[in-house]
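Heads up, the thing below is written out as structure tokens.
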Amino acid sequence: MFPDNFLWGGATAANQIEGGHLEGGKGDCISDHLTGGSKDVKRRFTPVIEKDAFYPSREGVDFYHHYKEDIKYCGEMGFKVFRMSIRWARIFPTGLEERANEEGLKFYDDVFDECHKYGIQPMVTLCHFDMPYLLFEKYQGFTDRTVIDCFVKYAKTVFKRYRHKVKYWLTFNEINFGCIPMGNLEVLGIYHPKTTDYTQPYDVPAQRYQALHHVFLASAKAVAEGHKINPDFKIGCMIAHVTLYPYCCAPEDMLLAQEMDHRFNDFCGDVQVKGEYPYYMEDYFRQNNILITKEPNDDELLKKGRVDFYSFSYYMSNCVSSREHLETSMGNLLNGVKNPYLESSQWGWQIDPKGLRYTLHKLYDRYHIPLMIVENGLGAADVLEKDGSINDTYRIDYLKKHIFEIGQALEGGVDVMGYTMWSPIDLVSSSTGELKKRYGLIYVDRDDEGHGDYSRYKKDSFYWYKSVIESGGIEPSFVP
Ligand code: BGP
């Protein structure tokens, strides 16, 4: 059921694993200014670094010094692909330099060489919530068109440098995060002076959608340039797909679910796959007095920069209801109404493997291009036993059920090119900034109080995933 060339693997992001802050000529990034938090304590964005605060992105899980060991483990599991991101500020420390930082380029050369040693293809996200700090400070990120050129300069530099080492690229991680206020900072590089709580930022929708337009252009230009540099490149979009169900069969709920689906899940993919703004957003902009300023050839650029494949993250589904006072559920981006038929993770994310099959069909029907699930996994508070084992059967159960549904979608005729679970290795959580919320198949000895020496331990899920890959998706006890 899974084709022989299926891209099995795992996904990471530099700001969550790398560390090596300011080493090798790296500049300051937006994520380096986010404090640690937890399920109950919100992360904060502090333009001025506070002496007593902890900034987890500066340390990650020290992949910068452990990459050989980590990639070796991925090789041992039989990975065909390793998704990672390049830190823009390692290549252009402020984003404004004319010449790239050779030490930064060399670091990724070494990482990619290490991947190829084990027959692993790197899949590289150009920007995973990680803009150079100066571009935010000087321009409010993509609010200013100047930043499009900064991004394209960076993209061309890495495309040229790694044209023989990297075939698969993604432009912006979870670009549709820019459709909601929370995405102001991480996707667009906007932090309004009136914001007091980073998780509920002061939001100017007209500015946000204008900046998102500039991100679309940056992505499209990068795709077009990439294809010139190497016509064999496969460059994809990356959407956070939070699958939405109407809470009940009331027509009002159906309409609301459709409207929210369009605005959050569909809009960015439509632009990046089809190369034009969809009709329903034109209407939304009209009704909300949002006027996107376009330069004469913007529309043509969007057409020229269409992506080769559609990738997305899938962790959960949510319900939407036109009625108030219903119990809510948590999510990485969107909170929704609780679905009585689903269980939730320790962090309140609703677990819905069948929703993944539904989503794959929906997306293939919409786009008719290859799909790839580039994030899917379970954050849990794992326990390292005295004998060094980690018995994460709950993670195996989560992954197994989702992989089963991918198999079902493949059988149903959907073109799925690969699956990179989140994440081969424990890393800093993006929403809560903590290490306690572990996703890895490999445990990292480090906690949120700074204890631990970054030693790596294989979890039970490590051996299980290895057997899944070895058996081409049908490991022996594979009954969900
Ligand atoms: C996605 C991000 C990832 C990752 C994941 C899990 O939204 O692309 O960077 O972190 O969610 O979320 P979290 O780390 O908040 O649990």
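Start at 1 and go down the list; that is how both ligands and their atoms are numbered. Atoms considered below: every heavy atom in the structure, side chains included; atoms not considered: hydrogens, waters and symmetry mates.
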Ligand 1-proximal atoms of [X], by part, heavy-atom distance under 4.0 Å:
| X | result |
| --- | --- |
| Phe177 | neither |
| Ser431 | both |
| Trp347 | neither |

Between ligand 1 and [X], can you find any atom pair, the residue atom being a heavy atom, that is separated by under 4.0 Å?
| X | result |
| --- | --- |
| Tyr315 | yes |
| His128 | yes |
| Tyr439 | yes |

Is the cationic atom of Arg58 (NZ for Lys, CZ for Arg) positioned less than 6.0 Å from the six-membered ring centroid of Tyr55 and within 45 degrees of its normal?
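Yes; both conditions hold, so Arg58 lies above the ring face of Tyr55.
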Enumerated ligand 1 atoms positioned under 4.0 Å from heavy atoms of [X]:
| X | result |
| --- | --- |
| Ser429 | 13 (P), 14 (O), 15 (O), 16 (O) |
| Lys437 | 13 (P), 16 (O) |
| Asn173 | 8 (O) |

I need the Met372 CE to Ile406 CD1 distance, nearest 0.5 Å.
10.0 Å
Nearest 0.5 Å please: distance from the OH atom of Tyr463 over to the OG atom of Ser389.
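The OG atom of Ser389 is 9.5 Å from OH of Tyr463, to the nearest 0.5 Å.
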Evaluation steps, salt bridge (Lys or Arg N to Asp or Glu O under 4.0 Å), between Lys68 and Asp110:
CA-CA 9 Å; Lys68 289 194 176 171; Asp110 294 345; over 6 Å; no
Steps toward side chain to side chain donor-acceptor pair (under 3.5 Å) verdict (Arg87, Ser57):
CA-CA 11 Å; Arg87 290 196 100 163; Ser57 188; 3.2 Å; yes
Who's closest to atom 7 (O) of ligand 1 heavy-atom-wise, of Glu434, Glu174, Arg438?
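Of the listed residues, Glu174 has the closest heavy atom.
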Would His116 and Phe112 count as a close aromatic pair, with their ring centres under 6.0 Å?
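For His116 and Phe112, the ring centres are not under 6.0 Å apart.
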Criterion side-chain contact (heavy atoms from CB on, under 4.5 Å) on Asp197 and Arg44, from CA distance to verdict:
CA-CA 7 Å; Asp197 175 354; Arg44 291 181 302 119; over 6 Å; no
